[in-house]
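Here's the structure we're looking at; comments come further down.
For the numbers below, each heavy atom of this structure counts, side chains included, while hydrogens, waters and symmetry mates do not. Proteins get letters first, then strands, A, B, ... in listed order; numbering begins at 1 in each.
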Protein chains: 2
Amino acid sequence: MARILITGGAGFIGANLTRRLLALGHAVTVLDNFYTGRRENLAGLHGVTLLEADARAPIEGAYDWVFSLACPASPPHYQRDPLFTLTTSLEGMRRVLELAHRCGARILHASTSEVYGDPLVHPQPESYWGHVNTLGIRSCYDEGKRAAETMALEYRQTFGIDVRLVRIFNTYGPHMDPKDGRVVSNFILQALRGEPITLYGDGGQTRSFQYVDDLVEGFMAYMTAAPETLDAFFTPRGCAIPVLNMGNPGEFTVRQLAEEVLGLLPESPSHIVFRPLPGDDPKRRKPDITWAKACLGWEPRVPLREGLARTIDYFRNHL
Amino acid sequence: MARILITGGAGFIGANLTRRLLALGHAVTVLDNFYTGRRENLAGLHGVTLLEADARAPIEGAYDWVFSLACPASPPHYQRDPLFTLTTSLEGMRRVLELAHRCGARILHASTSEVYGDPLVHPQPESYWGHVNTLGIRSCYDEGKRAAETMALEYRQTFGIDVRLVRIFNTYGPHMDPKDGRVVSNFILQALRGEPITLYGDGGQTRSFQYVDDLVEGFMAYMTAAPETLDAFFTPRGCAIPVLNMGNPGEFTVRQLAEEVLGLLPESPSHIVFRPLPGDDPKRRKPDITWAKACLGWEPRVPLREGLARTIDYFRNHL
């Protein structure tokens, strides 16, 4: 049994990870300020210690593992208070690194495919530097996450902290916030409610859709990997810190996604409507997961249709 | 007479700016911790108030203008303690923004051409997003500066702070630190000492070389511009914050620079030698200064040979 802290543990990914860790018999502490995390995501869970706190404040206690997930992650959430988003990303990262420096914890830090911005290379390998605007409407998230990666690198190099970076691509599944404006939850809710399904632009922009159980599986493989195993993989690749993409390389247009959802809900009267594309919206993004496969033997297993069906079930039961 | 704070005022650019502001009769306060700033840069100056402090700590007092220059800026300096560099960039920016939020100061923040990284577009206009590695040996500086730009944007949007960004390209002149490893000071010192002049790679990488008086002139034009003038320029260009490149678009190879220096010091016995290129070294960088010209009527005036001659004089007198 490990002592595990999950910052942002009441959010979408945190809620799924918490369930998995509890099932494995670990002692789980969730730190969350419920800015975007939701109390109902922790409802009915036994054995979770809740720290209701801002991730930007110093963290007490001692842990074996820390999953660093605290940050608003969907555009409507992270754009609500861009300064909060930026400082949560930067200071939240630093607090976790300081904690690990004090107690020797191993950290898995949730970075994001947004560090690649609107990429000029497809698919994106970890070695791709990205194409990001420092002064746009997505910058509070993208640049905060980029500088947090750099902070992790420097703490690792300076103090030998065992911190591992995962760049998470578009993920969906149970416990998503219905109000977070993500395309999967939007489409499912619109279809369940019989409202028009809104596509931005022509709907031809592609996305990868990773089912959350696959991601949690990847987290476990990554967190339990021995430091020597990671060093042996990353050092020859010129990486001073482990960094892995986790996402589903299956590429679908947003329009195809809408059609899949409608196909799974034949009773829905919804139809597709088009809206203008927001600023700096990436037109295409797809993970190269060669490294995660080679290093951890990990790859996503849940097909889109199956993951969508499970997610639709969740939303049906929680509306 | 304005009340002016210069964070990092004992550094190379700060020393030149301080002299200019004193000559104009302003009340100048320099905040510096002398991590890379040098006491001799302020020696003999009358009327400067010195605050010996870390730029990451809260700043007291009230000012009309703040020039935010505090951060190690040359690779040997900023790589000495990457975590200090990164946190100085991020927290130093934030402290200045908090100060302005409290006292209503106008800020000119020194960003850098390094936000463009190893650019894929030549020359670089302000609209170019850059090409930067989050996990390389330059990241502590590059990503710290990028996220600081984003922080300035968000403070401006959230609180209406009058903060203006300047992306400074390679600058040289009197008061450079002889030990900061910059190519101009290196070459001049090597030539003055009769040592070999070291070129990295084949010396064919190009740089722009801006004489510091030109930059200080640009700072004054930018800082004294009315907010309405800047808004009228930047808003139609889709910029929510003023951002201007300042550099000399004249492009020289590093090898040409070495030859210019040797030409100005015919008595020097030095000759050129070649060394391997360090990691992530940008192969080419050149400012597009169309915006600064159009917005401020500013452009560099000091030719390379003249600036080099003045800089050589300075180093001759300060060795």
Atom [atom1] in [X], atom [atom2] in [Y]: separation rounded to 0.5 Å?
X: A/Y128; Y: B/N133; atom1: OH; atom2: CG; value: 12.0 Å
X: B/M151; Y: A/S139; atom1: CE; atom2: OG; value: 12.5 Å
X: A/D81; Y: B/E154; atom1: CG; atom2: CD; value: 9.0 Å
X: B/L153; Y: A/L135; atom1: CG; atom2: CG; value: 5.5 Å

Atom of A/T134, atom of B/R167 and distance for their closest heavy-atom approach:
OG1-NH2, 3.4 Å
Do you know the tightest heavy-atom contact between B/L86 and A/T150?
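Taking B/L86 first and A/T150 second, the nearest heavy atoms are CD2-C, 4.1 Å.
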By a 4.5 Å heavy-atom criterion (distance strictly below it), what part of [X] contacts chain B: side chain, backbone, both, or neither?
X: A/V115; result: neither
X: A/F84; result: neither
X: A/Q157; result: neither

Between A/E143 and B/K145, does any side-chain N to carboxylate O distance fall below 4.0 Å?
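Judged by the 4.0 Å cut-off on N to carboxylate O distance, A/E143 and B/K145 do not form a salt bridge.
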Does B/R146 form a side-chain contact (heavy atoms from CB on, under 4.5 Å) with A/V132? I'd like the steps, not just the answer.
CA-CA 10 Å; B/R146 286 176 61 94; A/V132 175; 3.6 Å; yes
More than 12 heavy atoms of other groups within 6.0 Å of A/R275 CZ
no
Between A/T87 and B/R94, does a side-chain contact (heavy atoms from CB on, under 4.5 Å) hold up when you go through it step by step?
CA-CA 10 Å; A/T87 56; B/R94 194 158 183 203; 3.4 Å; yes
